[in-house]
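The structure appears right after this line, and notes come after that.
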Amino acid sequence: MATDGLHENETLASLKSEAESLKGKLEEERAKLHDVELHQVAERVEALGQFVMKTRRTLKGHGNKVLCMDWCKDKRRIVSSSQDGKVIVWDSFTTNKVRHCPWWGFRTPTLSSSSPSTPL
């Protein structure tokens with residue numbers, strides 16, 4: 001073992017100093033990437049004042065939690081996926097389902113309308 005000739009306190013002290021060194025390097029790399037945590041960004045955002053959200057329409061069709069939703073490029077259709085394994089395309093004007101299909105993979109995929117895939 002690499003620590004055979006050292007006392008217990010010396011080993012612990014060297015491990016603590018190595019951990020602090022690695023923390024410092026991690027912070028330097030984060031700074032290079034401008035990587036920040038959500039709470040840091042939230043502190044810099046101005047308050048919106050009295051922002052009231054109301055439910056306008058409820059889309060019913062998923063049997064479990066919705067994982068993600070995204071607008072299609074035509075700004076009329078919405079695509080959603082959920083933990084129930086379904087992907088549903090919605091008409092946002094009528095709130096009707098345009099198309100739905102089961103996702104047979106291990107996880108339901110996340111969605112993005114900007115992906116270079118076949119149009120829905």
Side-chain angles (χ1 to χ4, degrees):
M1 189 174 220
T3 59
D4 283 343
L6 300 174
H7 297 293
E8 184 177 320
N9 291 341
E10 292 174 332
T11 303
L12 184 59
S14 65
L15 291 175
K16 283 183 180 180
S17 68
E18 183 180 358
E20 290 301 318
S21 170
L22 291 173
K23 284 181 187 178
K25 288 179 183 179
L26 180 61
E27 290 301 320
E28 289 173 13
E29 291 299 317
R30 277 188 172 171
K32 286 180 191 175
L33 297 172
H34 302 292
D35 187 20
V36 294
E37 295 181 7
L38 181 60
H39 69 86
Q40 293 169 326
V41 174
E43 290 171 357
R44 293 183 290 203
V45 175
E46 293 180 25
L48 294 175
Q50 294 226 344
F51 183 71
V52 179
M53 291 181 58
K54 292 195 307 188
T55 302
R56 302 288 182 190
R57 302 254 195 300
T58 301
L59 305 174
K60 295 182 181 180
H62 286 295
N64 212 329
K65 292 181 183 176
V66 173
L67 299 173
C68 61
M69 292 182 74
D70 199 4
W71 288 92
C72 293
K73 290 181 182 179
D74 64 5
K75 301 297 183 197
R76 179 174 179 139
R77 294 174 295 158
I78 301 171
V79 182
S80 63
S81 69
S82 74
Q83 287 180 342
D84 63 6
K86 290 182 189 173
V87 176
I88 301 176
V89 181
W90 306 89
D91 183 326
S92 64
F93 295 173
T94 64
T95 68
N96 293 332
K97 293 181 209 175
V98 175
R99 183 183 304 174
H100 72 279
C101 59
W103 180 261
W104 298 109
F106 177 70
R107 292 187 214 175
T108 304
T110 56
L111 304 168
S112 174
S113 62
S114 63
S115 63
S117 60
T118 310
L120 296 171

Open item on the list: I'd like to know whether Ile88 forms a side-chain contact (heavy atoms from CB on, under 4.5 Å) with Arg99, so could you lay out the CA-CA distance, the side-chain angles of the two residues, the decisive distance to 0.1 Å, and finally the verdict.
Closed with: CA-CA 6 Å; Ile88 301 176; Arg99 183 183 304 174; over 6 Å; no
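- Separation of atoms NZ (Lys25) and OG (Ser21) is listed at 4.5 Å; rounding is to 0.5 Å.
- In this structure Asp91 satisfies the side-chain contact (heavy atoms from CB on, under 4.5 Å) test together with Arg76, Phe93, Thr94, Val98, sequence neighbours excluded.
- Side-chain contact between Asp70 and Ile78 is absent, with no heavy-atom pair separated by less than 4.5 Å.
- To the nearest 0.5 Å, atom NZ of residue Lys97 and atom CH2 of residue Trp90 are 5.5 Å apart.
- With sequence neighbours excluded, no residue satisfies side-chain contact (heavy atoms from CB on, under 4.5 Å) with Leu26.
- By the side-chain contact (heavy atoms from CB on, under 4.5 Å) test, Glu29 is found to be paired with Lys32, residues two or more places apart in sequence or in another chain being considered.
- A salt bridge links Lys23 with Glu20: the closest approach of a Lys/Arg side-chain nitrogen to an acidic carboxylate oxygen falls below 4.0 angstrom.
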Could you list the donor-acceptor pairs under 3.5 angstrom formed between side-chain atoms of residues 51-62 and any protein atom two or more places apart in sequence or on another chain?
| unit_1 | atom_1 | unit_2 | atom_2 | d |
| --- | --- | --- | --- | --- |
| His62 | ND1 | Ser82 | OG | 2.9 |
| His62 | NE2 | Ser80 | OG | 2.7 |

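- Under the salt bridge (charged side-chain N to carboxylate O under 4.0 Å, His left out) criterion, Lys75 pairs with no residue, sequence neighbours left out.
- In terms of the salt bridge (charged side-chain N to carboxylate O under 4.0 Å, His left out) criterion, Glu46 has no residue partners (sequence neighbours excluded).
- Remark: Arg44 engages Val36, Val41 in a side-chain contact (heavy atoms from CB on, under 4.5 Å) (not counting sequence neighbours).
- Panel note: side chain Ser14, backbone Thr11; a donor-acceptor pair is recorded below 3.5 Å.
- Sparse packing is recorded around CD of Glu18, with 12 or fewer heavy atoms of other residues, nucleotides or ligands lying under 6.0 Å away.
- Atom OG of residue Ser81 and atom NZ of residue Lys65 lie 14.0 Å apart, to the nearest 0.5 angstrom.
- Closest approach of Asp84 and Lys86 over heavy atoms only: OD1-N, 3.0 Å.
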